[in-house]
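As structure tokens, the structure follows; a few thoughts come after it.
Proteins come first, then strands; the chains are lettered A, B, ... in the order of their sequence lines, and each starts at number 1.
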2 protein chains.
Amino acid sequence: MPGKTNIYSNAYGKGGKGIVNMLKDAGIEISDQGKAILSFSHDMSYITPVKPVAVAFPKNKEQVATILRICNKNRMKVTAVGGGSSLTGSSIPLKGGIAISMERLNRIIEINIEDGYARAEPNVTIEELNRKLERYGYFYPPDPASAHMATIGGSISTNAGGLKALMYGSTKHWVLDTELALASGEIIRTGSSTLKLSRGYDLTALVCGSEGTLGIVTQATLKIAKKPESSGIMISYFSSIKDLAETVGELKKRGMPLIMAEFMDHASLLEFTHARKQMAPKYANYVLLTSVSSTGKNDAITKLCVKIIKKHKPVKHEYIRKNKEITRIYSARRELHEKMVEEAHMEGKDIVIGDVIVPPSRLAPALLEIGREIKSSGQRVALFGHIGDGNIHSNIYFTPIDKKGIKEVMKLQERIGRIALRNKGSVSAEHGIGLEKKNLLIEELKSKDSERILQLMKEIKKAFDPNGILNPGKIFDI
Amino acid sequence: MPGKTNIYSNAYGKGGKGIVNMLKDAGIEISDQGKAILSFSHDMSYITPVKPVAVAFPKNKEQVATILRICNKNRMKVTAVGGGSSLTGSSIPLKGGIAISMERLNRIIEINIEDGYARAEPNVTIEELNRKLERYGYFYPPDPASAHMATIGGSISTNAGGLKALMYGSTKHWVLDTELALASGEIIRTGSSTLKLSRGYDLTALVCGSEGTLGIVTQATLKIAKKPESSGIMISYFSSIKDLAETVGELKKRGMPLIMAEFMDHASLLEFTHARKQMAPKYANYVLLTSVSSTGKNDAITKLCVKIIKKHKPVKHEYIRKNKEITRIYSARRELHEKMVEEAHMEGKDIVIGDVIVPPSRLAPALLEIGREIKSSGQRVALFGHIGDGNIHSNIYFTPIDKKGIKEVMKLQERIGRIALRNKGSVSAEHGIGLEKKNLLIEELKSKDSERILQLMKEIKKAFDPNGILNPGKIFDI
């Protein structure tokens, strides 16, 4: 397509202006003011921002479709942006083009308890949806730590996991249907409001994790669940990661109904205890937070969990039952990464957060190997993660102005990815590939003799978006 | 492709023989004897059998890949066959070609309790896998009634649901990874053994429900779960379907942890009571079987469930706690369709089983409408289904030699599908589309302004199988 580059580069100059005017004429609110452009040039990753030509603010799905139709016709790239909490660069408008802010598609349309679903527009945050569902004793289980800013649309686009994925699985298990605006401007319904569906290729599942490269979600029907009863949170401090990992292994083997099993290393623990306003005990190098689904405060399951944990000799074990304290602990865990980033910023630093996953039995060796790698790199790193499902987040500190330092960070990030691969794991559990992990994705597929998958993905992309206008350059290069 | 038809028709004659010889030369066991050909010409649907040219019996994935490579090169169609329990014609070799019997790929490769998965070859039956998992107190939740003959591969290919889908969801929620032989003969791993993955387009989810049209699964890694404690089975007889549906509605609204909620109408009930060797009470026109996850025989949840059910005034309510009796009840429910078919055969009749689904709140109106439709059709029909998730199976009796009668059955089946669509449902919950529902699928997509999906599916198919050799004519025409 020799003409394509031409049109594309036009998009930055006069052609771009022309398209912006076309969108204005079609009644779309659009801004090419510096402030709007700047705030849509980045996400929460460390990746270099790219300015869009303009930012469109569609009011409804019809306007989303109009934007896509006009942009597709004129080969203008588009990137839909939700809460902007991506950690991999997935909502950065890499090739410029139009950033489509989804902020006005923010209505909860229907809560249907009997049929077990909620229907919402993409920019509703997960926290907002859960606030509404709480009145009914229900909740939407996918639970990224950033639930206060992560939107339904964004979490679908990265197949987000989160704190409760251990019990409830990832986003893809909870999306029944999406209303999807295709690059052509057509709008389809990928699924159904029913609790099961076997109707050929599952396009709803395909949309989950596709990072906005196949279409723009304008509405989603989400399966919801009754809130489980919980007996509180257990906080167990360990001196060694091996003891902690083995505790989790035994809790799982014995089939304890774990809602959550989170771990933090010493650096993360300091941050956590600070937020929680309570000191950790001496020799506490690691902490494990667990929560189990149970029917009462003193039931058999809770007791058995405590017994299993204590068997592995934690330095200290607390059992928190007060709601206020439980809320504080959850908040402290949720805000961990954000607080770290805030503090890093104050020191003129920033953080790259990794997201590898291994089978739980590989946690202890993988964590030990990661520890050695970090030590030999000389980098400052804080580890935490959803240990129950084998998901480790490494927070690597770096100084943005130090180009050589950044390269070192990237190298460490890659080495941690390779440790995950060597331990039968994957380079991305719940943050997606975005811009950050395109090379690691290729490495992973190669290591599994499955490089062909890349080509299959590209052909699927082409079926949905033949002109390649949707969030270009994410997941893979086309 | 003008040459294609030519090669294709050759496949039946001399060309076909040539390919069979090529496969023999490659060390593949292959049979073109009448008996093998006959037994691979049909599945458990009522659809007219089609004979394959020959039946191949690969011993391992390498041989599957060899068959595919040779057939792809020579444009020979192939259809992989597992347990042969498809109810929609999905394993009938519609265009002849080679039937690939998966029967020798029947090993359970690994049970890994700590990492929460089982890895098995496709021809392991679900029952066999569960027998093995039971020793550990674990199970594989997707649970089609035909679990004794349904294989891992087949249940992936139709995204099977079953009795426990109410609590555990469909097959797609439990497949972590497949080893997939592509039409080209390349073998890829679509996922990972990890409990979460966000690595671009989810090809594992795409394989689930694709009815063998995208590749042949040669191994699958399946998430497993700890067996829940259950307080037994409740059998509640009702005189009206409305009372029964409302009971289920209230159990769900109040968040009871239902593992199973099955209903049967009077005709199914007769079969069930016969198998169970216990009469139903007078005025019992419908029966509801429920099972809840609970921690003890007399716990609060079980008590609350009984209270809710009794509020809706069942004609009779039994609470079965004896394991032997529970097993008998499960078997009676599982074998319902098979027994009906057996008896129908003895009368020179056969059964078409439908598989529609509606949101639970639409069950009562949909069932009433279906009842009226059946009455006015004058057909003999027995209804049962997984009422907890809104899934209704209608068993329509017909006489195979009566061509006009068959047409009437098809019409009724279509009208029931349309009732589901009018009630915000779908024409296929868990049996797939196969050959049977291609028209209904088109109707459903049209009714949702989503006909474009058909084209997207065809393009995805083309990416995986450019020569269209894999199980052609299923789900859609190409």
Side-chain angles (χ1 to χ4, degrees), chain A residues 113-116 137 158-159 161 165 169-170 172-173 186 188-189 192-203 205-206 208-210 226 249 252-253 255 295 300 357-361 389-391 424-426 428-433 441 448 450 452-453 456-457 459-460 463-464 475-476, chain B residues 113-116 137 158-159 161 165 169-170 172-173 186 188-189 192-203 205-206 208-210 226 249 252-253 255 295 300 357-361 389-391 424-426 428-433 441 448 450 452-453 456-457 459-460 463-464 475-476:
Chain A
I113 299 299
E114 184 171 0
D115 293 337
T158 57
N159 188 26
S170 305
K172 68 169 177 170
H173 297 132
E186 289 161 282
I188 58 171
R189 289 267 308 274
S192 148
S193 307
T194 54
L195 295 169
K196 292 188 303 201
L197 194 65
S198 176
R199 207 187 62 183
Y201 310 158
D202 188 344
L203 301 191
L206 200 58
C208 293
S210 67
K226 179 92 175 172
K252 293 198 71 180
K253 257 191 220 169
T295 48
I357 185 163
V358 295
S361 66
D389 46 28
N391 188 186
K424 300 192 177 180
S426 171
S428 179
E430 54 174 18
H431 292 174
I433 300 298
L441 171 63
K448 294 175 179 174
S450 300
R452 174 72 199 277
I453 284 179
L456 290 170
M457 285 192 195
E459 289 179 46
I460 291 169
F464 280 78
I475 308 175
F476 44 75
Chain B
I113 300 297
E114 186 172 0
D115 293 338
T158 57
N159 188 25
S170 306
K172 69 169 178 170
H173 298 131
E186 290 161 280
I188 58 171
R189 288 266 309 274
S192 149
S193 307
T194 53
L195 295 170
K196 291 188 301 199
L197 194 65
S198 176
R199 207 187 64 183
Y201 309 159
D202 188 345
L203 301 192
L206 201 57
C208 293
S210 66
K226 179 93 175 169
K252 294 198 70 180
K253 255 191 223 171
T295 48
I357 186 164
V358 295
S361 66
D389 46 29
N391 188 185
K424 300 190 177 181
S426 170
S428 180
E430 55 176 17
H431 292 175
I433 300 299
L441 171 63
K448 291 172 179 175
S450 299
R452 175 71 198 277
I453 283 179
L456 291 169
M457 286 193 195
E459 288 179 45
I460 292 169
F464 280 78
I475 309 175
F476 44 75

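Heavy-atom minimum distance, Ile453(A) versus Arg189(B): CD1-O, 3.1 Å.
Heavy atoms of Ser210(A) lying under 4.5 Å from chain B belong to its backbone as well as its side chain. Looking at Lys252(A), both its backbone and its side chain come within 4.5 Å of chain B, counting heavy atoms on both sides. Both the backbone and the side chain of Ala429(B) come within contact range of chain A, judged by heavy atoms closer than 4.5 Å. Using a 4.5 Å cut-off between heavy atoms, Ile433(B) touches chain A through backbone and side chain atoms alike. For a residue to count as touching a neighbouring chain, one of its non-hydrogen atoms must lie under 4.5 Å from one of that chain's; by this rule Ser170(B) touches chain A with the side chain only. Contacts of Leu441(A) with chain B are made by side-chain atoms alone, with heavy-atom separations under 4.5 Å and no backbone atom involved. Interface residue Asn391(B): only side-chain heavy atoms are found under 4.5 Å from chain A. Both the backbone and the side chain of Asp202(A) come within contact range of chain B, each with at least one heavy atom under 4.5 Å from a heavy atom of that chain. For chain B, the nearby parts of Lys196(A) are the backbone and the side chain; heavy atoms of each come within less than 4.5 Å. Both the backbone and the side chain of Leu195(A) come within less than 4.5 Å of a heavy atom of chain B. Both the backbone and the side chain of Ile357(A) come within contact range of chain B, with heavy atoms under 4.5 Å apart.
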Begin with the C-alpha distance, continue with both residues' side-chain angles, and end with the deciding distance and a verdict on side-chain contact (heavy atoms from CB on, under 4.5 Å) for Ser361(A) and Glu114(B).
CA-CA 6 Å; Ser361(A) 66; Glu114(B) 186 172 0; 3.7 Å; yes
With side-chain contact (heavy atoms from CB on, under 4.5 Å) as the test, would you mind laying out the steps for Asp115(B) and Lys424(A) before giving the verdict?
CA-CA 11 Å; Asp115(B) 293 338; Lys424(A) 300 192 177 180; over 6 Å; no
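Residue-environment remark: NZ (Lys253(B)) stays at or below the threshold of 12 foreign heavy atoms within 6.0 Å.
In this structure Tyr201(A) satisfies the ring-ring contact (aromatic ring centres under 6.0 Å, His included) test together with Phe476(B), sequence neighbours excluded. Looking at residues two or more places apart in sequence or on another chain, you find no salt bridge (Lys or Arg N to Asp or Glu O under 4.0 Å) involving Glu459(A).
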